[in-house]
Every structure is written in C-alpha cells, then in structure tokens.
Amino acid sequence: MTVAEALAAALAVEDQVIYGYGVAGAHLGGSDRDAALQRLQQHELLRDELAGRLASTGAPTVVPSPAYAVPFPVDSRRSAARLAALLEDGTAGAAWDLVAVSAADSPERRLGVGVLGDAATWSARWHALAGAPAPALPGQPPAGS
Amino acid sequence: VSRRALLAGVPLLALAAACRPHSGSATTGTPTTSAGAPDVDAIRLRAAILAEQRILADYERYLTSLDGVVEPLPDARAAHQAHLRALGATLPPHAGRHRPLARLPELRRQLTSSAATLRTAAVRADSGGLAAVLASIGASHAALAAAGTDATP
C-alpha cells in the first residue's frame, strides 16, 4: 500500500463514516446527539483534508456512494452507539494504515497519528454507551489479515 | 479500490474485519538502522515496553487497593496486557513491587503522559509498523485516561 492508496482508503472510509453518523445521530438524543453532531463535523473536516492531500498526490479522487447500507439494524440508542463505535474503529483502522505506510515525521504520519488518537477516544465513548469494550489496540488489523 | 474501502462499487457500509488491509503486523520485525548508527527504533520500542510494564504494574497495585470496589478504568488490565503483547514483551510479575501505591489521578496522569510520549515516538519512528503500534497504544492510553472524566467527548 502506498501513501496515496492509504489516503484514498481513508477518504473512502470517511465517506462511509459521515453517512453512518447521520444514521446513528437520528437515533440519539440529548448530549449523545450533540456529541454525534460534533464528531460528524470533525469527520467532515477530516474528509476535506484527506481529499486535499489525495489530490496533491495526483491520484484520482474517491467518489462517494449516494447511500450506504448499515451492517445491522439501527433502531435504538444502543444500536446507534454500536454503529458509531464501528465507524470510529473503521476510522482508526484507516489511520493505522496511513501511519504504517507514511515516512517518519511526514505530514501524513502526523495526520495518521492524530486521527488514530481522536478515533480511539470517540470509539471508547461509543463503545461504553453500547455496553461493549473498546479495542485494546485501536486500528490494529485482525490477526491473519 | 482499497482493501479498506467498501465492497467495490457496492453501496454497503462494511467497515468489517474482512475489509481490513494487511499493513500492520504489530511488532513488524527489526527496526531499520544504518550501519553503525544507534538503532533508535529499538530504543523507542524498549522505552514503550518499560513504560507499559510500569503502567500495568501500577494499575494492578491500584486494583489490589480497591479490594473489590468497582473498577473505574474498565478493561484497562486486559488492554495493557494486549499492549505488551503487541510490543513483543512479556508481562511484568513484580515490576511495581517497590513502588508506592498508585492512586487513580496518578494513573490518569501516567496514561496521559504516556500517550503524549507514544504519539511523539510514533511520528518519529523509522519503521511504519512500529509507528502504527506505538500510535495505537498511545491512542488507547489517551482513551483510558479520559474514560469517565470531563475529557470524554
């Protein structure tokens, strides 16, 4: 995987995450909904940054799908939190890849490390709300992959 | 199409493990070094192991002091053990034996400090694989430190 490929993959993930937060947010209320909205805005900024960096490499842009199907029914606060946790874990995974393929001290390395940290913190929040433990190693590919 | 992308062209939200790429084995071999130069990545790895062993030891001593009271940092022991395994290290049976009993605010400060150190090490590491592991552990430490506090988003 090259840096451009990692950026493109992260951008594709962000498209999914932004869509997914819209789904999750619809089933959250109060401070949870506010938090989801806050995080959605952060993901939108991240998407734009990734798109800009990808464009600077000369690689073709990533075209988002108009809609995505969620992997399980989201019809409650708990399932919405579970989806949000899944989205953050996906973000962390993409960031892991970017960190792994980028050069030391490069802007991409710094971006990946920062994104991984943010995603882990949000993942922990949503996992707690969903009643599930957060991953011990955010973003780590599963064994054997 | 990236391995982490959705099913190619198919509009499915599928951030599942099956779509994960292969770029991140944890300890990822021997850190690169030029001839005669200090192996800085090896030093980073060793520092991360020592810090993790210390945190785990302090955490276990803290748990002992609770004597059955509800654990305020959920899953932290398993997380730190997983961190050590990812670093290729063994668990420290008595690393904190002679240290004073840790208290929760101290543990949180320790985690926060470690997270910052690991982030810096991850940015600077020559090995991408090591960088990813350090970044991930640092991210986990930050999340654990924030759990149940006002720092939680």
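Every chain is numbered from 1, with letters handed out A, B, ... down the list of sequences.
Side-chain contact check for B:Asp41 and B:Ser127: no donor-acceptor pair (N or O, by modelled atom type) lies under 3.5 Å. A:Asp118 and A:Gln42 share no side-chain donor-acceptor pair at under 3.5 Å.
Contacts of A:Ala124 with chain B are made by side-chain atoms alone, with heavy-atom separations under 4.5 Å and no backbone atom involved.
Listed by first and then second residue, the ring-ring contact (aromatic ring centres under 6.0 Å, His included) pairs that reach into residues 27-55 of chain A are A:Tyr21-A:His43, sequence neighbours excluded. Judged as a side-chain hydrogen bond (donor to acceptor under 3.5 Å, both in side chains), the pairs with a partner in residues 113-123 of chain B (not counting sequence neighbours) are, in order, B:Ser114-B:His141.
By the salt bridge (charged side-chain N to carboxylate O under 4.0 Å, His left out) test, A:Arg109 pairs with no residue at all, sequence neighbours left out.
Put simply, of A:Gly117, A:Ala120, A:Pro138, A:Ala6, the one with the most heavy-atom pairs under 4.5 Å next to chain B is A:Pro138. Most heavy-atom pairs under 4.5 Å with chain A: of the set B:Ala125, B:Ala82, B:Ala142, this distinction falls to B:Ala125.
Residues of residues 28-37 of chain A having a heavy atom under 4.5 Å from any heavy atom of chain B: none.
A:Pro64 is not listed as a side-chain neighbour of A:Gln16, based on a closest heavy-atom distance of 4.5 Å or more.
Other residues, nucleotides and ligands place more than 12 heavy atoms under 6.0 Å from the CZ atom of A:Arg53.
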